[in-house]
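Residue numbers begin at 1 in each chain, while the letters A, B, ... track the order of the sequences. Everything numeric in this text was worked out from a predicted model, so none of it was measured.
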Amino acid sequence: VIGGKILDASALAALVRGRLSAVAWFATAKTTGLTLYLPSLALNEVRAVRPDAGPQLAEVLGHPSLVLGELDATAASHVDQLLLMADVFDGCAGHVVHTARTRGWPALSADPGRLRRVDPEVQLDLLRGPMPTNGQTGLVIPVPAADALLTFVATRHPGTVREGVPAHVSLLYPFISAAELDEQVTDALSELVVAHEPMPVEFVECYRRGGFVALRPDPIEGLTELTKKIRDRWPDIVPYEGVYGNVEPHVTVAMRASEQRAAMIEHEVTEQLPISAELREMWLVVFEGQWSMQGRFELGAGH
Amino acid sequence: VSSTTVARVTPHQVDVDATGLPPLAAPDASDDERAQAIVARMVARHGAPTIEDYRRVYKQSGVPWPGDEEIRRRHPVASAA
């Protein structure tokens, strides 16, 4: 018996939209003995937003591994208290978090930020999409000095290096959606960035966590400070949608590699270090089918 | 008046109902058959997950990876492009 997962509305919506990572959970649940617990508020939300998906939802409810959980009066009271303490009102997320807590099972979500607002510590598994969604943005520091290294790794280990993105350090991703970007936002970004001088750094260390391989900048303090200022300026934005917790600045080399391949990449990359770079600017990048630069902010431009 | 075709299905059957999807399982079908039928309809609508999708699910479920071939035997898997 391996327990179960609590589906939130985003996970169910992902299934209805045909996200294959969501299909994989249903395809394996019976074989692995996993229970997929669906709080009724999550179902109701998807039903309301996607009335055309009624037949699909009816089929999902017939899956023998799926358990539909109603919100009774006692549970509703607990959810209300939970939301009161978190100072948010999101009944659906509250129902999911409450169920995850009481069952001791992780929530399965494609939108973890919503659950994290109710409980920053809620245990969850991310339902990954293959691509960012259109309109997502990010703030990054480009590191052109590492581009050749990423090309080298991509050539030797196809599929492990993100395509269409130059080497960079992410400061905040996702950032404000493209539709909400305005002059006020870009002015605020300019103010924050001009106060920082260009940063000479060296990448002397390559490290890995499972199938993730990255470079650590040295010194790291300048990047950490700029990252903190940006996050303090937009405190409601949850970095990485809450999936990774507190992540220190890094250049991602490879991701989703097997452990064995990640170890090979780590070894090969380490042989090519150090790499020296001067970080001179921050980019505001937008995803619309592919990533493109929407704004460039020079470090220290105010001096 | 609409009707729904029901039949027992296995992963290898290719029967379809009036909607062009694999049929739902019969009312007296086993849990395994019902699960297979529902997943077959999901796959017919959206396509099959990749090996990597399954690898992530097994890892997040804490279930040992049985190997790529066993996964292909157990579950619908997208063919390599």
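- A salt bridge links B:Arg56 with B:Asp53: the distance from a Lys NZ or Arg NE/NH1/NH2 to an Asp or Glu carboxylate oxygen falls below 4.0 Å.
- A salt bridge between A:Arg114 and A:Asp8 is absent, with no side-chain N of the basic residue lying under 4.0 Å from a carboxylate O of the acidic one.
- Looking at A:Thr28, both its backbone and its side chain come within 4.5 Å of chain B, counting heavy atoms on both sides.
- Proximity to chain A involves both the backbone and the side chain of B:Val57, based on heavy atoms less than 4.5 angstrom apart.
- Counting heavy-atom pairs closer than 4.5 Å to chain B, the top residue among A:Asp125, A:Leu34, A:Leu108 is A:Asp125.
- With respect to A:Asp90 and A:Arg117, no salt bridge is recorded, no charged nitrogen being found less than 4.0 Å from a carboxylate O.
- Ranking A:Gly4, A:Pro106, A:Ala24 against chain B, the residue ahead of the rest is A:Ala24, based on heavy-atom pairs under 4.5 Å.
- Residues that satisfy the side-chain contact (heavy atoms from CB on, under 4.5 Å) test with A:Ala154, not counting sequence neighbours, are A:Val161.
- Scanning residues 58-71 of chain A against chain B with a 4.5 Å non-hydrogen threshold yields A:Glu59, A:Val60, A:Gly62, A:His63, A:Pro64, sorted by number.
- Salt bridge status for B:Asp31 with B:Arg34: present, with a side-chain N to carboxylate O gap under 4.0 Å.
- Residues forming a side-chain contact (heavy atoms from CB on, under 4.5 Å) with A:Val285 (at least two apart in sequence, or on another chain): A:Val140, A:Trp283, A:Trp291.
- Salt bridge present: B:Arg74 and B:Glu70 bring a charged side-chain N and a carboxylate O closer than 4.0 Å.
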Side-chain polar contacts of residues 48-56 of chain A - donor-acceptor pairs under 3.5 angstrom, sequence neighbours left out - could you list them?
unit_1  : atom_1 : unit_2  : atom_2 : d
A:Arg50 : NE     : A:Asp52 : OD1    : 3.0
A:Arg50 : NE     : A:Asp52 : OD2    : 3.4
A:Arg50 : NH2    : A:Asp52 : OD2    : 3.0
A:Gln56 : OE1    : B:His46 : NE2    : 3.2

